[in-house]
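Remarks on the structure that follows.
Any value given below was found using the heavy atoms of this structure, including those in side chains, with hydrogens, waters and symmetry copies removed.
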Amino acid sequence: MSGGLGAYAAVDLGASSGRVMVGRVGPGSLELTEAHRFPNRPVRVPEGLRWDVLGLYAGVLDGLRAAGEVASVGIDSWAVDHGLLDADGALLGNPVHYRDGRTDSVAEKVWATVPASELYAATGLQYAPFNTLYQLVAARDTRQFAQAERLLLMPDLLAYWLTGEQGTELTNASTTQLIDPRTRTWAHGIAERLGIDLGLFAPLRLPGDPAGVLRPEVLEETGLSGPVPVTAVASHDTASAVAAVPADGERFAYICTGTWSLAGLELDAPVLTEESRAANFTNELGLDGTVRYLRNIMGLWLLQECLRAWDEPDLGALLREAAGAPALRSVVDAGDAAFLAPGRMPERIAEACRASGQPVPGSPAATVRCILDSLALAHRTAVEDAKRLAGRTVDVVHVVGGGTRNALLCQLTADACGLPVVAGPAEAAAFGNVLVQARAQGRVGDLPGMRRLLAATQPLTRYEPRGDTRRWEAARARLAGP
């Protein structure tokens, strides 16, 4: 396909909101507009924290209606969570939220059967209490799980409702801790030892593979003219975002910023050493045989939860005040699982500062500065560790995602890393989603070509490092306590 502008609907679901974006791709041109945005609010019910998946699906349908005629639809979302279907294909209850407490202490049970070192050597995935593997072990003895005939990760579940076809997209599957990153297929030995039936999963498919066409009922509800194909994209939103990093060459690090910060490198092979496991780096799969070698950092979740606790004050004013606050007065470990659960975030940050012998922030602006300094420090540590563990050189750090709109965070990240930061695009996951769809229809070329198109068409902001990075190392040392 060539000539003209192709329009593609990118369904991009984050942990706090969803959106349907329309990307238009032509020779030397790339545009993205928002068709519809909707909230993604988890609901706490008697049995725990759950996703409102029907509300999400309704938002997707509303978005496709607003998008108008498109050449294809693609879906990306957060990782690890899933829906269970019965033999008739009906959903067995609302999908469990990864912040639900059901996986507390499950990892220890898993490690009693498969030691953590063996698990990492086989799957390359960092320890996180909510990994799909731990969720499945936690659910194994429930009545609902006994009824399940199929497990679909969140983007695949929504694609199934749109098309009636089932599949498991590989980049998202790689977050389950059930994929071997060397073979890029299921880790059968691990699943067998833990009693996990891999037959629950639909067949694997790759970014760019066809994922069906919109059902007649969907066409009627959205007003679209069929046939409209659904294309499997890099359906883990981080995989789509990394595909949209506008880098030139290989000597770059990336930080995908939003509710989480995912900081690391793009490699052509996993790093499965014991040192890598101890540093809690993950090897997730990316586009075109790449490996996303990265560390999960708590991200702007810390700030979002504080804003919620403070009844949503003016963020712009808070950031301006935070910019003038003393630098690195107090920092917390932005990767600490103690910050994972919602609630009381300002108090928990204060408690962490007190426990490490640092001054407790005395105002919301001081707390915001503590959060942003802490995130920048965690970004520095992740980039430095990734370089060392993978034996790579880095000349520039690309920041993509919602955090690119936070100029203070971007500048602090440049200062902490001692490297230039190139910020943008903010809607990286949606751009990656659109470009994989366009590539499946022959409108763009390989991954470097996709990145050149992004760099040529999207506004990017460059931040040069300031000051001495030794002060960041001194701040890091304080986290160990007095």
Atom of [X], atom of [Y] and distance for their closest heavy-atom approach:
X: Asn131; Y: Leu125; value: ND2-CD2, 3.9 Å
X: Thr404; Y: Val399; value: CG2-O, 3.2 Å
X: Ala211; Y: Thr163; value: O-OG1, 3.4 Å
X: Ser235; Y: Asn172; value: OG-CB, 3.5 Å
X: Asp336; Y: Met298; value: O-CE, 3.0 Å
X: Tyr463; Y: Cys410; value: CE1-CB, 3.5 Å

Those residues at least two apart in sequence (or on a different chain) that pass salt bridge (Lys or Arg N to Asp or Glu O under 4.0 Å) with Arg388 are Glu275, Asp385
Look at the side chain of [X] and the backbone N and O of [Y], then say whether any donor-acceptor pair between them is shorter than 3.5 Å.
X: Tyr57; Y: Trp161; answer: yes
X: Arg184; Y: Leu170; answer: no
X: Asp100; Y: Arg102; answer: yes

Working to the nearest 0.5 Å, report the span between [atom1] of [X] and [atom2] of [Y].
X: Leu300; Y: Ser261; atom1: CG; atom2: OG; answer: 6.0 Å
X: Thr175; Y: Phe130; atom1: OG1; atom2: CZ; answer: 9.5 Å
X: Asp237; Y: Leu13; atom1: CG; atom2: CG; answer: 8.5 Å

Side chains of [X] and [Y]: donor-acceptor distance under 3.5 Å anywhere?
X: Ser225; Y: Glu69; answer: yes
X: Tyr8; Y: Arg443; answer: yes
X: Arg295; Y: Gln126; answer: no
X: Thr413; Y: His379; answer: yes

Does a sphere of radius 6.0 Å around [atom1] in [X] hold more than 12 heavy atoms from other residues, nucleotides or ligands, not counting ones at 6.0 Å or beyond?
X: Asp248; atom1: CG; answer: no
X: Arg140; atom1: CZ; answer: yes
X: Glu220; atom1: CD; answer: no

side-chain contact (heavy atoms from CB on, under 4.5 Å) with Phe252: of Val396, Thr393, Val394, only one passes, and it is Val396
Per side-chain contact (heavy atoms from CB on, under 4.5 Å), Leu133 is matched among Thr123, Thr176, Ile190, Thr103 by Ile190
Quick test of your reading of the model: are [X] and [Y] salt-bridged, counting only N-O distances below 4.0 Å?
X: Glu427; Y: Arg37; value: yes
X: Arg451; Y: Glu266; value: yes
X: Arg277; Y: Glu118; value: no

Aromatic ring centroids of Tyr127 and Trp111 under 6.0 Å?
-> yes
Task: Mutual orientation of the aromatic rings belonging to Tyr98 and Trp51 [parallel < 30°, tilted 30-60°, perpendicular > 60°] - done: tilted
Taken in chain and number order and not counting sequence neighbours, the residues that satisfy side chain to side chain donor-acceptor pair (under 3.5 Å) with Ser72 are Thr231, Gln437
